[in-house]
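Numbers for residues simply follow the sequence, beginning at 1. Worth saying up front: this structure is predicted, and the values here are computed from it rather than measured.
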Amino acid sequence: MSCLQTWPEPIVRVQSLSDSGIRVIPPRYVKPPSDRPSRPEATADEANIPVIDLSGLLSDDITPREATMGQISSACREWGFFQVVNHGVSHELIRATREVWREFFHLPLAEKQAYANSPTTYEGYGSRLGVEKGSKLDWSDYFFLHFLPESLRDEKKWPRIPESCRKLVAEYGEQVAKLGGALMRVFSLNLGLEEDYLQNAFGGEDFGACLRVNFYPKCPQPDLTLGLSSHSDPGGMTLLLPDDNVSGLQVRRGDHWVTVKPVPDAFIVNIGDQIQVLSNAKYKSVEHRVIVNSNKERVSLAFFYNPNGNIPIGPAKELVTADQPLLYPAMTFNDYRLFIRTKGPCGKSQVESLKSPH
């Protein structure tokens, strides 16, 4: 699966632009007025996405277990986003993994360029999504890697410096994938399906997982651009480790954008397009974007829990009724994600375009 073999224009590293001391961002990064962040609107809303303590899922008592599942169900239906604490992933591992990636992005450019990516697979060190020539760009660099299935994992493509990076990423990925599997079981039960339904639809043990580490450098004109344009995640579920030091993620809530206030050592979980399709839109992926900051850089780790790329994904037949007819045709995730890899982030236009006419 590929889009293009090479990028349509020379790649400029956003971190290099930021470090150069420019006071005006290049036109390629200036968003149309309708897409620019509106800070008063974002900060006026005191709402925050739900914060859920997962320790109840491990209780021998059915009451806290059902209460926690109910909180997750409400969050999935009402927000599409929630934060989880007491999630079972080591806090020390979380902090160490985030910091080793911060170190990577502060290595000399030549060291990072050894991992420069192409649009063929997106693996490696990158600075753009989408391959349309002349398109507006986001104020961020990133590192993208495959974690699962193991047939796609190639640790030689992961950074060799800092020396602890590969070991930390392997341990981190294993623990976060385990958390993702636990949430998949809860999602299935909450939808009225068999506990292992969603996991089996994703390919069982042969599901996909990848990590995108985002680096948002300081920006001299943060009100004109975005770190990541509005989009819904094309995959199944995302488990995001945000930066403790600075907020940046915004979630669409009706006509407004809510700036997420990260809880220390928590993960931010959001529903992706594939679970929207499998649930026949009982659960919906939600648009989100990232704002940038003139005083602080930001690092975040997005772990994407995805279907196996070769399995057709369509609505569960148990969720298709006369009152709730089939909304989406079946499509493999490999075919589905070609859209964002070609066009870049485009709100929810992709998943909405799939809907079957009635």
Side-chain angles (χ1 to χ4, degrees), residues 11-21 87-118 121-129 138-150 152-180 208-219 227-228 238-249 262 264-268 290 292-293 295-305:
I11 292 294
V12 175
R13 301 303 178 190
V14 177
Q15 188 177 7
S16 297
L17 287 175
S18 177
D19 290 345
S20 72
H87 42 62
V89 181
S90 160
H91 290 182
E92 291 74 19
L93 178 60
I94 280 173
R95 296 166 192 160
T97 306
R98 183 171 51 212
E99 290 314 304
V100 83
W101 281 109
R102 202 185 306 275
E103 288 178 42
F104 169 80
F105 283 104
H106 283 287
L107 290 173
L109 181 60
E111 179 66 37
K112 293 179 289 192
Q113 283 291 106
Y115 301 96
N117 72 348
S118 79
T121 66
Y122 274 84
E123 288 178 278
Y125 176 50
S127 297
R128 68 178 290 169
L129 280 173
D138 290 332
W139 193 262
S140 58
D141 299 322
Y142 64 85
F143 197 101
F144 178 83
L145 60 87
H146 285 293
F147 190 76
L148 291 171
E150 289 198 13
L152 291 180
R153 186 193 308 184
D154 185 354
E155 295 189 15
K156 294 187 183 68
K157 294 180 179 178
W158 304 359
R160 63 181 185 87
I161 300 175
E163 285 186 11
S164 59
C165 185
R166 291 176 179 175
K167 182 173 184 291
L168 284 169
V169 169
E171 292 177 4
Y172 178 86
E174 188 174 325
Q175 290 197 22
V176 179
K178 184 178 178 182
L179 170 60
C210 43
L211 179 69
R212 177 182 149 120
V213 185
N214 306 296
F215 184 79
Y216 303 103
K218 297 174 190 175
C219 179
L228 189 55
T238 304
L239 300 105
L240 178 78
L241 179 65
D243 202 315
D244 273 351
N245 301 321
V246 56
S247 297
L249 176 66
D265 301 319
F267 283 98
I268 299 170
V290 176
V292 288
N293 192 294
N295 299 312
K296 294 181 179 179
E297 67 186 34
R298 182 169 171 271
V299 175
S300 69
L301 284 66
F303 188 88
F304 301 112
Y305 196 104

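- The ring-ring contact (aromatic ring centres under 6.0 Å, His included) search around W101 returns F104, F143, not counting sequence neighbours.
- Using the six-membered ring where Trp is involved, Y142 and Y122 have ring planes that are parallel, under 30° apart on the 30 and 60° scheme.
- For D141 and S127, the side-chain atoms include at least one donor-acceptor pair closer than 3.5 Å.
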- Message: Set out, in order, the CA-CA distance, both residues' side-chain angles and the distance that settles salt bridge (charged side-chain N to carboxylate O under 4.0 Å, His left out) for D244 and R95, then state yes or no.
- Response: CA-CA 9 Å; D244 273 351; R95 296 166 192 160; 5.5 Å; no
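- Legend: residues meeting side-chain hydrogen bond (donor to acceptor under 3.5 Å, both in side chains) with R128, ordered by chain and number and at least two apart, are E9, S135.
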- Item | side-chain contact (heavy atoms from CB on, under 4.5 Å) between C219 and W139, intermediate numbers included | CA-CA 8 Å; C219 179; W139 193 262; 3.4 Å; yes
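- Annotation for P242 and R298: closest pair CB-NH2, 4.3 Å, computed over non-hydrogen atoms.
- Scanning all heavy atoms of the two residues, the minimum distance from H87 to L179 falls at O-CD1, 3.7 Å.
- Around atom CD of E174, no more than 12 heavy atoms belonging to other residues, nucleotides or ligands sit under 6.0 Å away.
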- Item | Worked check of salt bridge (charged side-chain N to carboxylate O under 4.0 Å, His left out) between R166 and E171 | CA-CA 9 Å; R166 291 176 179 175; E171 292 177 4; over 6 Å; no
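- Between atom OG of residue S118 and atom CD1 of residue I11 there is a gap of 10.0 Å, rounded to the nearest 0.5 Å.
- Using modelled atom types, one finds a donor on one side chain and an acceptor on the other under 3.5 Å when comparing H106 with E297.
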- Message: Assess the residue pair S300 and D243 against the criterion (side-chain hydrogen bond (donor to acceptor under 3.5 Å, both in side chains)); give the C-alpha distance rounded to whole Å, side-chain angles, the decisive distance to 0.1 Å, and a yes or no.
- Response: CA-CA 6 Å; S300 69; D243 202 315; over 6 Å; no
